[in-house]
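Computed from a predicted model, the values in this text were never measured in an experiment.
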Amino acid sequence: MASIKVLFALIKKECWELLRDKRSLVATFAYALVGPFLLYVLIKGFIVTTTQETEVNVGLQTDARYEQSVRQIQHYLTTQNISVVNYSGELPTDFDQLPADKGFDALIRVEPPMGADGGERMVIAVYGDQGSQGRSKQLEKTVELVSQFVTNQRQDDLIKQGLNPSSSQWQVEKRVINEQTQSTNRLMDTLLIFLLLAPFFITLNYINDATAGERERGSLMPLLTQPMSRDLLIASKWSVGSLLGIVGSLVTMLIGFTLIADLPVYEIGLQLNPSAVNAVLTMAIITPLALCIASVQMLIAFSAKSFKEGQSYLTLFSFIPLIAVFMADKFDDASWSAMTPLLGHQQMLKSVFVNQEVDNAQFIGLTISCILITSIALLAVRKQLNSEGVLQGR
């Protein structure tokens, strides 16, 4: 009972020291408060760039011979929120030379097929420019729109004939297992790095000040000379650092996904499901990692003799998630990666946000791995506090 009182007294002391310096407190939560807005700007810029490349203005050639067909095409394009410009001139050789108020990116013309005998068959010709990547994508999108229009018309014709378009014994269905493209996978990795970095940067300032900072100021020595267990001293600093990492990660996630929820991420094919259940799962995954990070940071910072030296060490340590996540693709097939901290956390978080089933065995394995690393790091910190270098201020 006495040990618990001492532990809570030490935790209270650590909290008061954290709160007394307002600038230090702001620096501690700077990542959680500023990081989500930087991520929001990054994703919004990516969406704008992507949609600009695929946004298309379509020119529709007017022709009295195919007036009804032209109207049907125009109606379909309008229902797809495509800007349509009626065009009655000759086929342009350069779309960039068209007047600004009558310009378009691709031209649709209804034409009779080559060698037609005057029947009702016709061809919808799409004219475009492939001189640039953007123009090429706009042409591809226009062709896709016209192909879908033709498919719809064929189905309508079958229905008019009293036939069911789906009555054939053969049907083709496209079933996508993973809707994430390579570019959206990279964007998802960026989101995961953003989450995984949170406990690293949020606990950095406090852990450094509570270890290397106290060594430099000489305030650690009086604590070590007190008749109390050094395990309690370690536990108090570690528990406060871990709590900061957990709370900071929660704040980072809530602000970040609240902002991202207002963005049309579907425009870039990003599948993101920031539900309350997924938020709980995310915190359950990150919490053991935050405990592990705080213990390893204490071990690193106690080896520094000054605050600046400790800050340098911990900053370098914080780049590990960047390396781990960007190299995760190379280790996905390795059996050991699922149980390796950071690599396994990246895999689990990706499963959560694309609504895939969470592997309970992997979660338990990762938690055990984090607990083992935490125990080893805290034992090493205990050994450091008993070393002559710390006791003599060296």
Side-chain angles (χ1 to χ4, degrees), residues 15 18-19 21-50 180 184-209 240-294 297 314-315 317-322 324-326 342 345-355 358:
C15 291
L18 176 66
L19 295 174
D21 189 350
K22 303 301 181 184
R23 288 181 296 179
S24 178
L25 188 62
V26 171
T28 298
F29 286 96
Y31 183 89
L33 299 175
V34 179
F37 291 96
L38 296 177
L39 184 68
Y40 173 84
V41 172
L42 173 66
I43 297 178
K44 185 176 181 180
F46 187 77
I47 292 174
V48 170
T49 302
T50 304
Q180 305 278 94
T184 53
N185 272 330
R186 283 300 177 192
L187 189 58
M188 176 64 80
D189 288 341
T190 303
L191 291 173
L192 298 181
I193 291 173
F194 169 72
L195 278 176
L196 293 174
L197 279 174
F200 280 83
F201 281 104
I202 291 171
T203 59
L204 186 152
N205 191 68
Y206 164 75
I207 291 291
N208 190 37
D209 184 69
V240 173
S242 299
L243 183 61
L244 282 175
I246 295 168
V247 174
S249 297
L250 177 62
V251 173
T252 302
M253 180 186 65
L254 292 178
I255 296 177
F257 288 108
T258 299
L259 293 173
I260 294 173
D262 294 330
L263 293 176
V265 292
Y266 58 85
E267 293 281 2
I268 54 177
L270 180 63
Q271 184 182 1
L272 193 64
N273 303 283
S275 63
V277 174
N278 287 345
V280 173
L281 288 174
T282 299
M283 291 311 302
I285 293 169
I286 290 181
T287 295
L289 180 64
L291 302 177
C292 179
I293 291 168
Q297 284 181 331
L314 293 179
T315 301
F317 175 66
S318 299
F319 283 106
I320 291 179
L322 296 173
V325 173
F326 276 122
L342 291 179
H345 287 93
Q346 184 255 2
Q347 295 172 11
M348 290 203 70
L349 288 174
K350 184 176 287 188
S351 298
V352 167
F353 288 109
V354 298
N355 271 354
V358 175

query = Picking from I293, L314, V240, L243, what satisfies side chain to side chain contact (heavy atoms under 4.5 Å, CB included) with T203?
reply =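 It is I293; the other options fail the test.
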
Which pair of heavy atoms, one from [X] and one from [Y], lies closest together, and at what distance?
{"X": "I207", "Y": "A294", "value": "CD1-O, 4.1 Å"}
{"X": "I202", "Y": "L244", "value": "CG2-O, 3.5 Å"}
{"X": "M253", "Y": "L195", "value": "CB-CD2, 3.8 Å"}
{"X": "S318", "Y": "L197", "value": "O-CD2, 3.2 Å"}
{"X": "I255", "Y": "A32", "value": "CD1-O, 3.7 Å"}

message = Donor-acceptor pair, distance only, cut-off 3.5 Å: does the side chain of Q297 make one with the backbone of F200?
response = yes

key: Straight-line distance of M348 CE to T282 OG1, nearest 0.5 Å   = 10.0 Å

ask   = In Å and rounded to the nearest 0.5 Å, what is the OG1 to CG distance from T252 to L196?
value = 11.5 Å

message = With heavy-atom distances below 4.5 Å as the criterion, would you say the side chains of P36 and F194 are in contact?
response = yes

request  = Please report the C-alpha distance between L289 and L342 in whole Å, then the side-chain angles of each, then the deciding distance to 0.1 Å, and finally whether the side chain to side chain contact (heavy atoms under 4.5 Å, CB included) criterion is met.
outcome  = CA-CA 8 Å; L289 180 64; L342 291 179; 4.1 Å; yes

key: side chain to side chain contact (heavy atoms under 4.5 Å, CB included) involving V34 - partner list, sequence neighbours excluded   =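 Per chain and number, V34 pairs via side chain to side chain contact (heavy atoms under 4.5 Å, CB included) with L38.
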
message = Between H345 and I286, is the side chain to side chain contact (heavy atoms under 4.5 Å, CB included) condition met? List the steps.
response = CA-CA 8 Å; H345 287 93; I286 290 181; 5.9 Å; no

Set of side-chain hydrogen bond (donor to acceptor under 3.5 Å, both in side chains) partners for Y31, sequence neighbours left out =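 Applying side-chain hydrogen bond (donor to acceptor under 3.5 Å, both in side chains) to Y31 gives none.
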
